[in-house]
Protein chains: 2
Amino acid sequence: MANVNHPRRVTIREVAAQAGVSVQTVSRVVNGHPDVSEETRARVQEVITRLRYRPNGIARSLAAQSSQMLGVVASGFQLFGPAQLLTGIEQQATELGWHLMLQIVDPAKPNDYDRVTANLISQNVEGVIWAYPELTGERERAFHQQIQPHAPIVFLSMGPQPGSAVLNVDNRYGARLATEHLIARGYRHIGIITGPMALWSAQQRKLGWQDALASAKLPHRSRQVVEGDWSAASGDAGLMKLVAQFPQLDAVFASNDQMALGVLKAADRLGRRVPGDLGVVGFDDIPESAFFKPALTTVHHELMELGRLAVRELHRVIQAKREGKPATATSLVLQPWLVVRESA
Amino acid sequence: MANVNHPRRVTIREVAAQAGVSVQTVSRVVNGHPDVSEETRARVQEVITRLRYRPNGIARSLAAQSSQMLGVVASGFQLFGPAQLLTGIEQQATELGWHLMLQIVDPAKPNDYDRVTANLISQNVEGVIWAYPELTGERERAFHQQIQPHAPIVFLSMGPQPGSAVLNVDNRYGARLATEHLIARGYRHIGIITGPMALWSAQQRKLGWQDALASAKLPHRSRQVVEGDWSAASGDAGLMKLVAQFPQLDAVFASNDQMALGVLKAADRLGRRVPGDLGVVGFDDIPESAFFKPALTTVHHELMELGRLAVRELHRVIQAKREGKPATATSLVLQPWLVVRESA
DNA sequence: TAAAATCCCGATAGCGTTCACAGTTTTACC
DNA sequence: GGTAAAACTGTGAACGCTATCGGGATTTTA
């Protein structure tokens, strides 16, 4: 019974025996190395397909000292941003022949960082993409120190990291665009609902909002600011709080589209017409935002592309390392743009 | 230069040498085996932490003939359903100590199935979760045949699979609930916007809609049906098409919430009030749906829980197999429920 | 006190590949 | 025809760990 489900796996030795060649020759055929005659190659190939031989990737990794694996540290796939990022990463990785080891860290568990680090090292990842946008400083440095000797790291959506590449969307610029658009449309009392302020991207978006107000000589006081958590619910609650603490409010920059949706909902409940009584701009340009009522004006950025770039950058560095060349990490910033619709 | 970035990894041998014991003893300490005195255990442990030794997972997998790895085949993380599923899978997997090998298959590429299959086998996954909801029949069978000898499979959101467990949300029942609710509210000309009809879940939801209409002795003609692609855009276009081909339409069951949002948008443009002139019910209960205008009545299901269950089921089967016991695959269906809000 | 059991620990042999090197055969050229 | 180079193939030793077995030291049992 057990043997029915567990037929011994076909190994390279059996293929070699059947084909009447050495193990090494089979290896050469499998890996497409030269130095094997067409004739034997064909014979070996035939045996391989007949026996349905699949090289054992684990043994291969051990022998060749290369795992063909990239580690990805992320916060999950539920939010739009991370999901886009991971999609891009996954696509580019499989295109380049890398396997992915996905590590989701739970911010609630303080020693999750250690678990993740241990996993990455023990699985011999050859590179790491840090797509977890928190900046606690302390923990990151520890992570950095532990991983760096083993594998190069590319950071996404983070502040500058000495010695490593950081790829970013220019959140600050995007937020500035959004806010300037509100100003251009005549709004003067512009509040902001930020993301969780522990996140670099949320901080940057707030700074962009400040930039725009400052260069228009408009005030930005703390009562114009409410911190949200990216959810529509927090956007809704955020607007309620804003109008309470800042009654002259006539526009809101919501730091993502979900929160903007919440703002639209709350505005409706308050009897404030958008864009007439209240201007709203979001961030992300999620596919649904065009179908909000009114259609949401928002900031578009190419997160999927950012994910792809991260893999390519890592690939480049790893290749260079393999060839013994010194690899210089190159950071990069992608520019977002404004998508004007009806909400402002 | 190269050596600066590539400090030789600490191996078990070095630990053994430093601690003055055999390699085997270190192995025992690392794996928490008994039969090692407290004294030597402490000594070894000390060396381990001092040298920052991390066991090489790849070597371990090869020697122990167990990869600690589960394969997950999915369509991506962009849609709500898959993202929820994957979240649950990931959580439960790490709780149980499994690593995940995520394989995204691109429906556009016909031989992606082969690539995925080859990857899973070559990495020696000990179990597979098939979370890719397409039912092409042909391809699945091939996959099944190739993987099954190596590892047990659990299918998600699929029709019955002989010999394997299938975990499902009762989509048919959920859709029936939604449609019955519309009928109960007095709507009589109920259209449906389906998901891509190649998907089992989309088919089931359509059947549920039919069930409800049939038992209320209401007709369900093909002009009441439009096929969407889960996107808000297709929901918008879907309603336009429905009103054109079925003018008496007074309610719509949208097979997911995004499409429902599109329907709301199109209804607004057509000057149809919801729920007054048009009843709308969705499916999924995405967090945003409560903030649609009007708040969406929809069907709630526990996809995350389904993902967790899938891992547990696989775990159970694998454990049984390891202990030589025959494992019987147990399928399971989760019941969704209706969340009544304002759109019907 | 001898026999048996228990507790520790080490030596050896793999796991399924690839790598470095060595060997053998064929081809090329003068 | 001889020699050097190329083309092809095989051998043995890793890679870093665990499984298995066996053996010495210590304790328990009769």
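In what follows, chains carry the letters A, B, and so on, assigned in the order in which the sequence lines appear, proteins first and then strands, with residues in each chain numbered from 1.
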Tell me the interatomic distance from [X], atom [atom1], to [N], atom [atom2], rounded to whole angstroms.
X: Glu39(A); N: dA7(D); atom1: CD; atom2: P; answer: 17 Å
X: Asp35(B); N: dG24(D); atom1: CG; atom2: P; answer: 18 Å
X: Ile12(A); N: dA14(D); atom1: CD1; atom2: P; answer: 19 Å
X: Ile121(A); N: dG16(D); atom1: CD1; atom2: C1'; answer: 16 Å
X: Gln24(B); N: dC15(C); atom1: CD; atom2: P; answer: 17 Å
X: Arg322(B); N: dA19(D); atom1: CZ; atom2: P; answer: 11 Å
X: Arg28(B); N: dC21(D); atom1: CZ; atom2: P; answer: 14 Å
X: Ile58(A); N: dT17(C); atom1: CD1; atom2: P; answer: 11 Å

Within less than 4.0 Å of OP1 or OP2 of [N], is there a side-chain N or O belonging to [X]?
X: Asn31(A); N: dT18(C); result: yes
X: Ser27(B); N: dC17(D); result: no
X: Thr40(B); N: dC9(C); result: yes
X: Ser37(A); N: dT9(D); result: yes
X: Gln65(A); N: dG16(D); result: yes
X: Ser22(A); N: dT9(D); result: no
X: Ser61(B); N: dC17(D); result: no

Could you tell me whether Pro34(B) contacts a base, only the sugar-phosphate backbone, or nothing, with contacts defined as non-hydrogen atoms closer than 4.0 Å?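 The answer is nothing, as Pro34(B) stays clear of every strand by at least 4.0 Å.
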Looking at every strand, decide which applies to Val23(B) at a 4.0 Å heavy-atom threshold: base, sugar-phosphate, or nothing. base
Could you please name the option among [options] that lies closest to any side-chain atom of [X]?
X: His33(A); options: dC19(C), dT17(C), dT18(D); result: dC19(C)
X: Asn56(A); options: dG10(C), dT18(C), dT17(C); result: dT17(C)
X: Leu62(A); options: dT17(C), dC17(D), dC15(D); result: dC15(D)

Position toward the 5' end of DNA chain D (nearest nucleotide), Arg60(B) or Val36(A):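 Comparing both residues, the 5'-ward one is Val36(A).
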5'-most contact on DNA chain C: Gly20(B) or Pro55(A), nearest heavy atom basis?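 This one resolves to Gly20(B).
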Glu38(B) or Ala59(B): which one's nearest nucleotide on DNA chain C is closer to the 5' end? Glu38(B)
Is Arg308(B) salt-bridged to Glu90(B), going by a charged N under 4.0 Å from an acidic O?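 Not counted as a salt bridge, because no side-chain N and carboxylate O are separated by less than 4.0 Å.
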salt_bridge(Arg316(A), Glu313(A)) N-O dist < 4.0 Å: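 A salt bridge links Arg316(A) with Glu313(A).
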Other residues, nucleotides and ligands only: do more than 12 of their heavy atoms fall within 6.0 Å of CZ on Arg52(A)? no
Consider only side-chain N and O atoms of Gln146(A) and Arg54(B), and report whether a donor and an acceptor are under 3.5 Å apart.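 Their side chains do contain a donor-acceptor pair, which is all the 3.5 Å distance test asks for.
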Decide yes or no on side chain to side chain contact (heavy atoms under 4.5 Å, CB included) for Gln45(A) and Val29(A), but give the supporting numbers first. CA-CA 7 Å; Gln45(A) 199 58 262; Val29(A) 171; 3.8 Å; yes
What closest approach, in Å, do Val166(B) and Gly159(B) show between heavy atoms, and which atom pair accounts for it?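 Heavy atoms of Val166(B) and Gly159(B) come nearest at CG2-O, 3.7 Å.
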